[in-house]
Amino acid sequence: MNKNQIKVFWSMFIGFCGSATSFFYHEGIFKNIDFGGAILLTIIYFLCAIPIYVYVKKRKDKFESWFN
């Protein structure tokens, strides 16, 4: 991946994590979370990063002009 694609990936992933965390907070998931739950949530976030990575990597021409 080139530099622009890396920036796009991190922007999309951080946006996803922020919106998902906000949704989970409003649903009350974090009220009684323990260490195992936090690890499970982190694993789920990283599993969701895989399709984002594949999408950005496949569309090289689409993200070529971003962040210039």
Participant: Which residues pass the side chain to side chain donor-acceptor pair (under 3.5 Å) test with N2, not counting sequence neighbours?
Facilitator: E64
Participant: Under a 4.5 Å side-chain heavy-atom rule over Ile, Leu, Val, Met, Phe, Trp and Tyr, are F23 and I52 clustered together?
Facilitator: yes
Participant: Excluding sequence neighbours, so at least two apart, what forms side-chain contact (heavy atoms from CB on, under 4.5 Å) with Y55?
Facilitator: M12, R59, K62, F63
Participant: With rounding to the nearest 0.5 angstrom, report the SG to CG distance, C17 to L41.
Facilitator: 9.0 Å
Participant: Please answer: with hydrophobic residues joined when any side-chain heavy atoms are less than 4.5 Å apart, are F16 and F46 in the same cluster?
Facilitator: yes
Participant: How would you list, by chain and number, every residue that makes a side chain to side chain donor-acceptor pair (under 3.5 Å) with Y25, sequence neighbours excluded?
Facilitator: none
Participant: With hydrophobic residues grouped by side-chain heavy-atom distances under 4.5 Å, do I44 and I50 end up in a single group?
Facilitator: no
Participant: Run the side chain to side chain donor-acceptor pair (under 3.5 Å) test against T21 and tell me which residues pass, sequence neighbours left out.
Facilitator: Y45
Participant: Tell me every residue that passes ring-ring contact (aromatic ring centres under 6.0 Å, His included) with F30, counting only those two or more places apart in sequence or in another chain.
Facilitator: none
Participant: Between CZ of F24 and OG of S22, what distance do you get to the nearest 0.5 Å?
Facilitator: 10.5 Å
Participant: Got a sec, which residues hit side-chain contact (heavy atoms from CB on, under 4.5 Å) with I6, two or more places apart in sequence or on another chain?
Facilitator: M1, W10
Participant: Does anything in residues 34-43 form a side-chain hydrogen bond (donor to acceptor under 3.5 Å, both in side chains)? List the pairs, not counting sequence neighbours.
Facilitator: none
